[in-house]
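Inspection log for the structure reproduced underneath, given as structure tokens.
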Amino acid sequence: MTAAAIPLDPTVIRPATTPKPADPAAAALGLERWEEQAARCPDAEVAAFARAYATDPAGRRLLEAVFGNSPFLTQAMVIDPAFARRMLTLGWDAAFDAELEAVRTELAAERDTAKLMARLRVAKRRVSLLTAVADIAGGWDLARVTLALSRFAEDALRLACDHLLSKAAAGGSLILPEPERPSVGSGLIVLAMGKFGARELNYSSDIDLIVLYDDHVVQTTQPDNMARTFVRLARELVRIMEERTRDGYVFRTDLRLRPDPGATPLAVSVSAAESYYGSLGQNWERAAMIKARAVAGDLEAGRNFLRFLVPFIWRRSLDFAAIQDIHSIKRQINAHRGYRSTAVNGHNVKLGRGGIREIEFFAQTQQLIFGGRDPTLRTSGTVESLLALVASGRIERPVADDLIKSYEFLRMVEHRVQMKDDRQTHTLPTDDAGVAALAAFMGYAEAEPFRVDLLETLDRVEDHYAALFEEAPPLSGPGNLVFTGTEDDPDTLETLRAMGFGNPAAVAAAVRAWHHGRYRATRSTRSRELLTELGPTLLEALGATANPDDAFNRFDEFLARLPAGVQLFSMFYSNPNLLSLLAEIMGSAPRLAEVLSRNPNRLDAVLTPGFFDALPTRAALSEQLDLLLHQARDYEDVLNIARRWTNDQIVWAGIHILRNITDGERCGPFLSDVADLGLAALEPRVADDFARRHGRFAEAEGAAPEDRHGMAILALGKLGSRQMTLRSDLDLIMVYDTPPGSTASDGPKPLAPNEYFIRLTQRMINALTAPTGEGRLYDIDMRLRPSGKSGPLAISLESFQRYQMNDAWTWEHMALTRARVIHGPAELTSRLDAAVREVLTRPRDPDKLLRDVAEMRARIDKEFGTTDIWDVKYVRGGTIDVEFIAQYLMLRHAAEHPEILGGDAAAALRMAAGAGLLDEGIATDLREALSLWRRIQGFLRLTTEGRFDIAKAPAGLRQALARAAFPDRAEMPGFDSAALENQARAIATRAHRHFIHLVEEPAAALP
């Protein structure tokens, strides 16, 4: 065949507009492969055509344009010369129609899945080649290219659905009304969404689908398996379309536009979908449904479902909140008139500024707002919708013309980027050479004119887009924050990363879950609208915390536990500072975050006058608790009120520490008062409840109620020394006394004294530790009781005295220096106080005491020793060293100087110095160290889970720690984390030196 015999219809090829090869070497290599393939071709006519076409000037120009710009098209062209001949001789339209007809005919009754998949993949390769070459040659415009790709996708889906339905019917899962036409009446619905629904597929597009089944239409003998049947069918449909084989793939398939994709199966029943869209459907889903179209399966059932959605998509009167939501979505994309930071290299022409998405959104938002009253706006194609807006008087014709021209240009750029390697990308090359190659593929002689045209196009789109809602009030928040749809917006991820989030994709996914109504708090339309408005402020606040990802995760957990959201979100909306405080708590105070997650209404207290003034006195706390408990209806109510009140005070104290109004040391007495009052309020109520079953012990006639026998609570540890932290457990000993001669209680179920008080103690422990809706009150530690774990939970006063005087170890007496009776009958309390004082003030062997203290510290150091300065309890020079010195001095000198006894080590050190038992300078050093460790521990207990590593701590947390530890130096220039650590180590070194001087060296010198 000669070149003259080749039918080169000028409508098929336009040499003047055919681009030159960006890579001449690749073009030459492609021509060689083309000629080699022709030489091997068994069909003489095809071989002759291939050789002649390569020598024709117009044909050669087209081949060079393909081979020199796209490795993918080169491969598709070279391996299938027979199809290339049909395409280049029949013409684009005829060749395309012939290929579709051949596929339909060959696969209409195909029952072999492997053969179906292979033929569809060959057809996809051919359609991809044909549409690309028709586009490159100037034979098809954008509309024809996208329509051809969409038509093939529809045919492929229909053939696959017919195939799968027939297989399901053959397996007995389904009954098909018309087996020869499997989809008809099947109830299977495949909706095309997005570009596919609008017949605007891009060159390497995936296809967005929603797979439904009409549970009122489907016929089956296995109704219980209906859901599983269609989920399997959907999964197999995806496999047929996107699995890569030796023949390639058909279309990447995305099912994430279905209702709440994170919580629903691949195929959703129509009943469930109708329920979702009727109650939880979002405005972005309304926008997505504008383009929805039934393309495969039971088309009638699909059209019926879409008719059901008409009121959801097209509202007759759009309420203000919905308009505000649409405005919020648009504004969060953050296009501003006059903003010109767009670069060509690496720009995303779909999602970036001035890109395709902005043109689509320009049309869709106005369709949503006005389409309810104006049916002429209910169009799906982008160009069609822009023209409809012109016809309805919503936009000016020049605006539409600008956007249509820009849309066609950007889609052409998008197609050329994708044609190169058949990759689903919208991002331009990042290097200049890549941009130059793209410019050549676009038909430009040089790269610079292409850059100018592209930037002008992007700026023009951005101007029209930014002007769309320019009267809308601005949203706070830097950069893009778009959480609509199912895909991650690249600019949003970049914004989140710049805010400080280390895993922005996880944050974006969680925010989308909020908007899907995954949590109870976000199921109402109003709550989601408020969240949309609050989103930027919230994320910015969380991003400013010490660890943004942890803060976000805690807020997500907090949100998941909320029973409702509108009231709280409205409070945040009206009080933005409260949102900042919540973010700070979530990021810096895990204990408070846990408490707030159980009862977020505790934040209300922050709005009360005086919240940031001094913490309330013990008398004020007592009055408040009494008032609340008087409202209790029953025992369970008492437990919940006590927990609620206690946690309220913990939140109050924690926020004061967080805001540096107080510190861990000054807060200790307040938290101890809270625990004292809580225990004192609960014990009589627990005892009364216990007495209903087991009675009490009869008092001597004439005894006053306040002097009755009973049980007293002896506090040790941090509660005993009035230095509680936010996470302290309670070290308790329960001591009881009964009237002389008592053998059993007087209730319906009498008990002997020891059993009675042991069981009463167990009931008290349960009341304190059992979790309720308000959480648990405190953790209880009873290991300091006589005989420790092997001893009874409650001990009589007589046994307590005998044990402490005769059997207790030195370490138990050291613990007893912090003992404090916090509740009990007056007479018993007085006697127990006297018993403790008698033990502590008795003379003891100073050498044995010294040796015991030194040995005990050595054992602790062997088991828990550390050089971590932030482990303030166990590090040498830390709280144990200081408290051991104080306890040693009390036990050694209390017999002659009982005034030095004091539950708080700092007070004991001061008194010891005052009595001349300790050098004043040493006492000052030790008290300074103890004060520092308490401030640090109070702060870290509030802000840190587990071990604190200052090297890995965020800068904000390090600075906050510095303020808590050294409030007078934290803001000084140069006082960084290294200076903070050095200062703490210097103080620890001094304290450790004093311990060595006062305890270790004298003990070592003993015989």
Side-chain angles (χ1 to χ4, degrees), residues 629 632 634-636 638-639 642 675-676 678-716 719 730-770 777-805 807-808 819-836:
L629 287 173
D634 52 33
Y635 180 67
E636 290 300 319
V638 167
L639 298 184
D676 285 359
L679 288 168
L682 270 184
E683 194 278 336
R685 289 167 171 85
V686 173
D688 288 346
D689 186 68
F690 186 76
R692 290 191 182 93
R693 185 176 181 85
H694 301 291
R696 301 182 189 277
F697 291 91
E699 294 288 339
E701 191 172 338
E706 65 271 15
D707 291 334
R708 66 178 173 83
H709 297 80
M711 188 166 69
I713 303 175
L714 185 67
L716 299 97
L719 177 57
L730 306 184
D731 293 293
L732 303 177
I733 299 177
M734 300 300 194
V735 180
Y736 68 86
D737 190 37
T738 57
S742 297
T743 57
S745 59
D746 58 8
K749 298 275 188 178
L751 297 171
N754 62 336
E755 186 179 3
Y756 181 96
F757 287 104
I758 288 171
R759 290 174 65 174
L760 176 58
T761 297
Q762 187 61 63
R763 183 73 66 88
M764 185 67 181
I765 293 172
N766 289 342
L768 293 168
T769 60
L777 202 56
Y778 291 103
D779 288 322
I780 305 299
D781 190 342
M782 306 288 289
R783 289 175 297 175
L784 291 179
R785 67 187 187 270
S787 301
K789 289 182 179 179
S790 61
L793 285 179
I795 187 170
S796 69
L797 177 60
E798 181 184 354
S799 298
F800 175 81
Q801 290 174 298
R802 186 169 57 249
Y803 178 86
Q804 294 293 347
M805 295 298 288
D807 302 317
R820 183 169 59 90
V821 184
I822 61 174
H823 174 71
E827 183 186 359
L828 176 57
T829 296
S830 176
R831 291 166 62 201
L832 181 54
D833 267 331
V836 170

How many angstroms lie between atom [atom1] of [X] and atom [atom2] of [Y], to the nearest 0.5 angstrom?
| X | Y | atom1 | atom2 | value |
| --- | --- | --- | --- | --- |
| Ile780 | Thr769 | CD1 | OG1 | 7.0 Å |
| Leu730 | Ile765 | CG | CD1 | 10.5 Å |
| Leu639 | Glu636 | CG | CD | 5.5 Å |

Fill in: Residues Met782, Lys789; criterion side-chain contact (heavy atoms from CB on, under 4.5 Å); working and verdict
CA-CA 8 Å; Met782 306 288 289; Lys789 289 182 179 179; over 6 Å; no
Worksheet entry | Residues which pass side chain to side chain donor-acceptor pair (under 3.5 Å) with Arg763, listed by chain and number, not counting sequence neighbours | Asp689
Worksheet entry | Residues which pass side chain to side chain donor-acceptor pair (under 3.5 Å) with Tyr778, listed by chain and number, not counting sequence neighbours |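 With neighbours one apart ignored, the set is empty.
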Item to complete: Return the set of residues passing side-chain contact (heavy atoms from CB on, under 4.5 Å) with Ala632 (not counting sequence neighbours), or none when no residue passes.
Response: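 Asp637, Val638, Ile641.
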Worksheet item: Who are the side-chain contact (heavy atoms from CB on, under 4.5 Å) partners of Asp746, not counting sequence neighbours?
Response: Arg696
N/O donor to acceptor pairs below 3.5 angstrom from side-chain atoms of residues 790-798, sequence neighbours left out:
unit_1	atom_1	unit_2	atom_2	d
Ser790	OG	Ser787	O	2.7
Ser796	OG	Ser799	N	3.1
Ser796	OG	Ser799	OG	2.9

Within-4.5 Å side-chain heavy-atom neighbours: [X] and [Y]:
| X | Y | answer |
| --- | --- | --- |
| Arg802 | Pro786 | no |
| Leu719 | Leu732 | yes |
| Glu683 | Val686 | no |
| Leu682 | Leu768 | yes |
| Ile733 | Leu716 | yes |

Discussion item. Evaluate Asp737 against Met711 for side-chain contact (heavy atoms from CB on, under 4.5 Å), listing each step before the verdict.
Written reply: CA-CA 7 Å; Asp737 190 37; Met711 188 166 69; over 6 Å; no
Under the 3.5 angstrom rule, does the side chain of [X] hit a backbone N or O of [Y] as a donor-acceptor pair?
| X | Y | result |
| --- | --- | --- |
| Ser742 | Pro739 | yes |
| His694 | Lys749 | yes |
| Thr829 | Gly824 | yes |
| Arg693 | Phe690 | no |
| Tyr756 | Gly695 | yes |

Discussion item. Ring-plane angle category for Phe697 and Phe757, please: parallel below 30°, perpendicular beyond 60°, tilted otherwise.
Written reply: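 Phe697 and Phe757: parallel rings.
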If I compare all heavy atoms of [X] with all of [Y], which pair ends up nearest, and what's the gap?
| X | Y | answer |
| --- | --- | --- |
| Leu828 | Gly710 | CD2-O, 3.2 Å |
| Pro753 | Ala744 | CD-N, 4.5 Å |
| Ala819 | Val836 | CB-CG1, 4.3 Å |
| Tyr635 | Ala767 | OH-CB, 3.7 Å |
| Ala687 | Leu760 | CA-CD1, 3.9 Å |

Discussion item. If the condition is salt bridge (Lys or Arg N to Asp or Glu O under 4.0 Å), which residues does Asp779 pass it with, not counting sequence neighbours?
Written reply: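 Asp779 satisfies salt bridge (Lys or Arg N to Asp or Glu O under 4.0 Å) with Arg776 only.
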Practice prompt. Show your reasoning for whether side-chain contact (heavy atoms from CB on, under 4.5 Å) applies to Ile713 and Val735.
Written response: CA-CA 7 Å; Ile713 303 175; Val735 180; over 6 Å; no
Discussion item. Any carboxylate oxygen within less than 4.0 angstrom of a Lys/Arg side-chain nitrogen, looking at Asp676 and Arg820?
Written reply: yes
Discussion item. For His823 and Leu679: C-alpha separation, side-chain torsions, deciding distance, then whether side-chain contact (heavy atoms from CB on, under 4.5 Å) applies.
Written reply: CA-CA 8 Å; His823 174 71; Leu679 288 168; 5.7 Å; no
